[in-house]
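Naming convention: chains lettered A, B, ... in sequence-line order (proteins, then strands); numbering from 1 in each chain.
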Amino acid sequence: MAKKIQSLLVANRGEIALRVIRACGELGIKSIALYSDEDTRSIHVKRADKAYYLGPPSPSESYLNIDKIIEIATRVGADAIHPGYGFLSENENFPELCSKNGIIFIGPKKKAMEITGDKMKCKAVMKKADIPFVPGSDGIVNDMEEAVDIAAAAGYPVLLKSAFGGGGRGIRLANDEKQLRQEFEMAAAESKAAFGKAALYVEKYMQRIRHIEYQLVRDSHGQGRHLFERECSIQRRHQKLVEMSPSPVLDQETRNRIGEIAVRAAEAVDYLNAGTAEFLRDEQGNFYFIEINSRLQVEHPVTELVTGIDLVKLQISIAQGETIPFKQDDLGLRGCAIECRINAEDPFFGFTPSVGTVPSCNIPYGPGIRVDTYLYPGCSVSGYYDSLVAKLIAWGKDFEESRVRTKNALKEFTVEGINTTIPLFKTIMDEDNFIKGELSTDYLERFSILDRMNRDAVESSKQDLIPAVSAILLRSEFVKKNHLYQQSTSSKQRTGWQSKG
Amino acid sequence: MAKKIQSLLVANRGEIALRVIRACGELGIKSIALYSDEDTRSIHVKRADKAYYLGPPSPSESYLNIDKIIEIATRVGADAIHPGYGFLSENENFPELCSKNGIIFIGPKKKAMEITGDKMKCKAVMKKADIPFVPGSDGIVNDMEEAVDIAAAAGYPVLLKSAFGGGGRGIRLANDEKQLRQEFEMAAAESKAAFGKAALYVEKYMQRIRHIEYQLVRDSHGQGRHLFERECSIQRRHQKLVEMSPSPVLDQETRNRIGEIAVRAAEAVDYLNAGTAEFLRDEQGNFYFIEINSRLQVEHPVTELVTGIDLVKLQISIAQGETIPFKQDDLGLRGCAIECRINAEDPFFGFTPSVGTVPSCNIPYGPGIRVDTYLYPGCSVSGYYDSLVAKLIAWGKDFEESRVRTKNALKEFTVEGINTTIPLFKTIMDEDNFIKGELSTDYLERFSILDRMNRDAVESSKQDLIPAVSAILLRSEFVKKNHLYQQSTSSKQRTGWQSKG
Amino acid sequence: MDFELGGTKEIANGELVRSIGGGLILVRINDKEYQIKLLKSGSDYFEFILDDSFYTAKIIQSGSSEVRLSINGRTHTVKQHSKLTEILEKSLSLTAKIGGEKILVSQIPGRVVNVLAAVRAEVKKGDSIVVLESMKMQVAVKAHRDGIVKELRVKKGATVSRNDIIAVIE
Amino acid sequence: MDFELGGTKEIANGELVRSIGGGLILVRINDKEYQIKLLKSGSDYFEFILDDSFYTAKIIQSGSSEVRLSINGRTHTVKQHSKLTEILEKSLSLTAKIGGEKILVSQIPGRVVNVLAAVRAEVKKGDSIVVLESMKMQVAVKAHRDGIVKELRVKKGATVSRNDIIAVIE
């Protein structure tokens, strides 16, 4: 393991592949990209030192094709593999398959992944390490009486969840014991009918919760550090939209206290490399551990900007067996960073995916602005993969500065040919509750943000009435004068001619 | 003066105009741009809230046309004017003309400008404030004997400079008293013949000097702060090429000590707003004050990145009469920042200017990278104005990280249609003496950097042999197969048709 | 000519007055005259200064009654009304309606992962007809009216583009 | 065909072998075969993968014996040599020399701020003939040979483009 990495294969695509390739460039490591048929002209292929063909567009035949990826890595002599996020990043077999083939996997070991990937196993381990969980049952309850006892201890209202559910399905709310008994009966029956057994558990129901997570790193010598928190409460259907650090609700004492818990959680599973401990915070300021994400997160740049630590380079050095070069007390939070996840979705039409060619785009830049993106003029956005096309991250000396910088940069950010969620972020950046730091996971519904976005869009459209009419008048004159319209259209098609291999 | 600025006119163009416009956006101030005939499609015109026509391309008829600028500012009701750098920024009449017309000038007062703009006056004031100068005469020497005495006190070798010279002209070196006497006679005769009097002064000659400057800010309440140093030793013909902060040779004690001198210098001239105190440092570590630049410097972003302070917004708040919101001890240097000044010049051909349309360009981005530029695909670089087209600034947690980030970003930075100094910076970023921090104002000559650049260029060209030949082969096949070449060339000219108003 | 800016209910009456030389063009919009300084123009690309502000306009799509264009990167649809186009539009929309009413099109591109309705089935407005997958999201295409499914034009596994016909419902 | 990469003295012999389908093209350069995966092509723009690396190539200017192109944004001049072009070139360069030797051209665009030589004056190689200003820099155009100034084609205040004739020196 204590081998210097000379070449690194990035088993991913899009902005995160580019992010890892840039880190390789800084470290003098040869970067190796992979591409499906859909990605031949993608930015990660262009920027990597080497690029190898992986397979057809479908993820299962390309970026999830674990055997093919290992085969290529072995064939081209890659010293290490970085999985990015998504795809194979949390596949617990990947680390082992890598090490069997003499390749360094940049991430945790199989065992830690197995535990963090299994809710119940993880809870058992964490309980031992005294990590606070959302009050409720430690696992599946045996019968109704146990459920009633646990609910009484946790306090009503409680949620009754099916172990086979997921994504909001099979969850029932009970406001008191009577309701719990009724719901338990029904839920147990349902569960039995569907899965053959009544696997239910009980959890305290919390409102106005915030999602706050801690960036963790831990090296192969057992040294663990946290890089402070990220507030990720602004979500839509459990998908994070806006992340920031620091959280507007944490004081230094709480920051350190929860940070220590996060480090302890990493220790409990003998975690290796970068990961994230996710917590819920209720309105009373209590923190409850949910899970460890055993990968680099989408929102890692927020932490990079406030701590000054390059997490991807740190991941690589940890994977090489190096020790973390800083102590917990060396770390400091400077200023504030906000990230907006810009997705190729139409926020005015139910966030439906939007794919196609981007004939031109303007990526914002300037003081405090960082953009991680795979967009470039002439690129295309594929429907086969995730809709995240860009992350706009703005650093400011305080929340206010990073907010106005985000707002300014969103104005500069234009993407032609596809719809994006930029208008939603424009609305959020100017929204009073966001400005006050009044955040919760139901922020969008609670403050009717989408309605507000629609109103904002109409208002901003109105300001374009005069120039839009002017443009149409200019064009009618142009067409009349030059009789060129048909010719230039046809010539455009001709110069746009292209063959694709 | 304690008036809240609602609208701000930027009396400049290019990247610095854009920089000020962005600051206005953050502060909710309406930005007003000006443009000459050459700049109708320039980025500062596109990004400003309002833009007004100034005059013909020639600077004297446009960006130096002080009356026209004041006339527009008055007509459109601008509350304030930001002069940027260059053009009218150090014109001592501009502040007064502004205030006569009820406009806030964002910069120092006339009086301070008069002193800082006049070498002798400035020296007289600074001597009183006990600011260390390069040893030599306090002004013009009366006769040869005085010159000999002063030279003896300063120590040989000394320089004999004509007060009417400038830019290296009229400077003579004397290694001992005998030579001084000879040179004095000749220089006095020359000076008399040219200007009617023998206005000569004596200065200690120093080798291997570094140019180190301090960023200053001072508010209307008399509070002065320094924002640490910038090392600007890499120069070509007295033009800075690379700037960085911190300097590789300053320890904390020296940093503070010279910083205090810089603040005292600002106090001595009752300086207002942002400025820069420039020093020379000799090989023994002595610092000598040279001058105060009474404007925002090109290289201000370097300081912004290591201190986290937005200097342009601070300038605006000081101009509004606000007090500086931090004490000296609140400030800290974090990490390291390097700036490369990318000029539209051909470094392989005597740095001759290169002008024209830029059909496409790729501005680098990513972790730690900031670019301030007026380039965009389709823009044009005019021969009427300064050759600076972009500033690449890279922040890193230390010098090494900012260096490799700069190096990576230079690789990503492509500008078509014009020559730029990018190849020179690529060479510098990999050069041993630069890496060791072995810098001096004769760095380019001392280490034969241009020769090295030429060698690097040949080596990097060689790596493109196979792809270049491949491209030509592909094209010949394409032309043969499609018989399209002539048609598409003519159609390209047609679609590229444009009228210009 | 009257222009309606899509989604805003804002209507403006506009006409070109004349070119006044030096790249300046006079237009009248809602009875106010504006001087436009034209900086760059082509069949579908214009840069101009209007009311002392710079605008980049791109014509994305242009029909007789509707123009899609972007102003400084913001996309808009502008409907053009003149007496003639109004008459034309009415007759066109009439035709369109007859055919259009039956046809269910996909609003997004994607792969068909499930077909939920069968030919000859009775469906209510809002019933899911097929489920498409795009960008890891599943999106249902729902019936736009009550009726009987006369035709199903897609199969499981097929790829559809935006505006492709999914089904005919009568 | 032989190709010489400008400024490097590197010469390569190259030829297209054949297209092997699937967008793959086989070329032979210096007796080594390379498979090129062509991703995008037009008359003057190519994207391809060669030796497992991605390249963007733009043809900037193309003559019979010389091609200016950029590879991943780096500009190169490639001279093409074949027996025929060699012969052509020789005769061309001969003609060019006769005219070319006398003509002093400007290597940069700029405004003439000073004319230092006079017609009929004798000049040495390296003497400044005119001073141009561009981007606030003053650049002298210097005599390329010893001789007599036969003609001066520019006046103070004039604007010259790159490659404009400044003077004729015989």
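Of the residues considered (A:Glu400, A:Arg22, A:Arg19, A:Glu401), A:Arg22 shows the highest number of contacts with chain B, using heavy-atom pairs under 4.5 Å. Most heavy-atom pairs under 4.5 Å with chain B, from the set A:Thr307, A:Ile363, A:Leu18, A:Asp372: that is A:Thr307. Of the listed residues (B:Pro367, B:Gly368, B:Pro377, B:Ala409), the greatest number of heavy-atom pairs within a distance under 4.5 Å of chain A belongs to B:Pro367. For the set B:Pro301, B:Gly396, B:Gly332, B:Gly366, the count of heavy-atom pairs under 4.5 angstrom toward chain A peaks at B:Gly366. Between chain A and the residues B:Arg334, B:Arg370, B:Glu15, B:Arg405, the largest count of heavy-atom pairs under 4.5 Å involves B:Arg334. Looking only at heavy-atom pairs under 4.5 Å with chain B, the residue among A:Ile309, A:Thr373, A:Ile369, A:Val312 that has the most is A:Thr373.
Annotation: side chain of A:Asp430 is in contact with side chain of A:Lys407 (closest heavy-atom distance under 4.5 Å). You'll find the side chain of B:Ser245 reaches within 4.5 Å of the side chain of B:Leu333, heavy atoms only. By the 4.5 Å heavy-atom criterion applied to side chains, A:Lys46 and A:His44 are not counted as neighbours.
The closest side-chain donor-acceptor pair between A:His300 and A:Gln215, if any, does not fall under 3.5 angstrom.
The distance from atom OH of A:Tyr85 to atom CD of A:Glu299, rounded to the nearest 0.5 Å, is 9.5 Å.
There is no contact between B:Leu27 and chain A, counting heavy-atom distances below 4.5 Å. The part of A:Lys313 that comes within reach of chain B is its side chain, from C-beta onward, which places non-hydrogen atoms under 4.5 angstrom from that chain.
For the pair B:Arg403 and B:Phe434, the cation does not sit on the ring face, since its NZ or CZ is not both under 6.0 Å from the ring centre and inside 45° of the axis.
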